[in-house]
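Just so we're on the same page: letters track the sequence lines, and every chain starts at 1.
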Amino acid sequence: GAGVSQTPSNKVTEKGKYVELRCDPISGHTALYWYRQSLGQGPEFLIYFQGTGAADDSGLPNDRFFAVRPEGSVSTLKIQRTERGDSAMYLCASSPSTGPGELFFGEGSRLTVL
Amino acid sequence: AQKVTQAQTEISVVEKEDVTLDCVYETRDTTYYLFWYKQPPSGELVFLIRRNSFDEQNEISGRYSWNFQKSTSSFNFTITASQVVDSAVYFCALSDDSGNTPLVFGKGTRLSVIA
């Protein structure tokens with residue numbers, strides 16, 4: 001597709017379960033970002049990749065959160081032992097390169113932890 | 001540390017009115033970039049503008065205009081003759097020039113344009 005694709009669009013899970021959220025960036029974009037957006041708040045940075053490597057993971061809230069991008073394209077955000085406080089919209093964005101340029105966002109994956 | 005403040009949580013206007021969304025930022029960097037993004041009900045953030053800290057010229061794009069004032073650390077966004085399709089949440093954001101610092105967003109302003 002032409003834009004950033006995120007799946008699933010909605011995920012409902014129970015507390016304690018493991019969740020994976022997938023992001024398929026725009027073809028050729030080397031930089032990929034994950035943000036989390038809670039209701040009524042702006043997006044908060046989690047992690048970004050330049051190619052296959054995590055260039056900055058300082059926004060990951062704790063070690064239950066992990067993300068990979070093994071081939072430098074698709075990325076998966078993994079959340080272990082989910083908690084109710086993890087409920088949020090998870091946004092993925094890509095960019096042709098790092099630097100202060102435009103980010104292209106997907107429509108997000110809404111996670112609800114019951 | 002970088003910070004973006006959007007003091008207006010929600011604004012409601014009647015169609016065809018002009019509306020200004022405020023953005024105030026804090027940074028210690030001498031070179032930085034400011035952005036505005038629109039988030040319609042579909043959820044996908046859409047890029048509107050990027051402004052370099054060295055360029056203080058105001059910019060106009062159709063019904064949209066931006067006023068960057070370094071002296072007051074503000075980067076305000078005005079929509080002229082608002083339309084119902086302008087209803088969305090608008091985010092102001094800030095990044096440094098290095099490319100190593102991710103975009104920092106404000107909390108957003110929800111704009112409702114009533115027909």
Side-chain angles (χ1 to χ4, degrees), chain A residues 1-10 21 23 25-26 29-51 53-60 67 88-111, chain B residues 1-10 21-25 27 29-55 61 75 88-112:
Chain A
V4 176
S5 175
Q6 291 189 246
T7 55
S9 54
N10 271 290
L21 306 175
C23 173
I26 292 173
H29 280 193
T30 57
L32 184 147
Y33 301 78
W34 283 99
Y35 281 82
R36 179 167 72 173
Q37 185 178 21
S38 301
L39 203 59
Q41 302 294 314
E44 293 178 319
F45 169 75
L46 295 176
I47 183 172
Y48 93 85
F49 292 87
Q50 177 61 21
D56 183 348
D57 64 358
S58 62
L60 295 177
M89 178 72 86
Y90 289 82
L91 300 171
C92 178
S94 70
S95 176
S97 63
T98 54
E102 175 185 352
L103 297 186
F104 296 81
F105 282 85
E107 291 189 352
S109 292
R110 181 169 297 284
L111 174 65
Chain B
Q2 298 184 324
K3 184 179 177 183
V4 175
T5 301
Q6 294 180 256
Q8 304 150 310
T9 308
E10 294 191 35
L21 310 181
D22 297 334
C23 172
V24 173
Y25 61 92
T27 181
D29 298 315
T30 53
T31 304
Y32 50 89
Y33 287 82
L34 295 161
F35 300 77
W36 276 94
Y37 279 82
K38 174 182 180 179
Q39 188 175 40
S42 64
E44 182 177 338
L45 278 94
V46 176
F47 169 84
L48 295 178
I49 190 172
R50 181 187 74 171
R51 175 50 53 86
N52 182 299
S53 56
F54 289 115
D55 181 4
S61 176
F75 186 45
V89 182
Y90 291 86
F91 292 96
C92 182
L94 169 69
S95 79
D96 70 15
D97 190 38
S98 71
N100 295 321
T101 305
L103 217 54
V104 173
F105 286 85
K107 291 187 176 182
T109 297
R110 180 178 297 279
L111 173 65
S112 297

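Ring pair B:Phe47/B:Tyr37 is perpendicular by interplanar angle, where above 60° counts as perpendicular and below 30° as parallel.
Without hydrogens or angle criteria, B:Thr109 side chain to B:Gln8 main chain gives a donor-acceptor distance under 3.5 Å. With hydrogens and angles disregarded, no donor-acceptor distance shorter than 3.5 Å links the side chain of B:Gln39 to the backbone of B:Phe91.
When each of A:Gly59, A:Gly108, A:Gly40, A:Pro43 is scored by its heavy-atom pairs under 4.5 Å with chain B, the top score falls to A:Pro43. Taking chain B as the reference chain and counting heavy-atom pairs below 4.5 Å, the highest number among A:Ser58, A:Ala93, A:Gly106, A:Gly42 is found for A:Gly42.
Contact of A:Phe104 with chain B is not made at all, since no heavy-atom distance falls under 4.5 Å. With a threshold of 4.5 angstrom between heavy atoms, A:Gln6 does not approach chain B through any atom at all.
Looking only at side-chain heavy atoms (C-beta outward), B:Phe35 and A:Leu103 stay at 4.5 Å or farther from each other.
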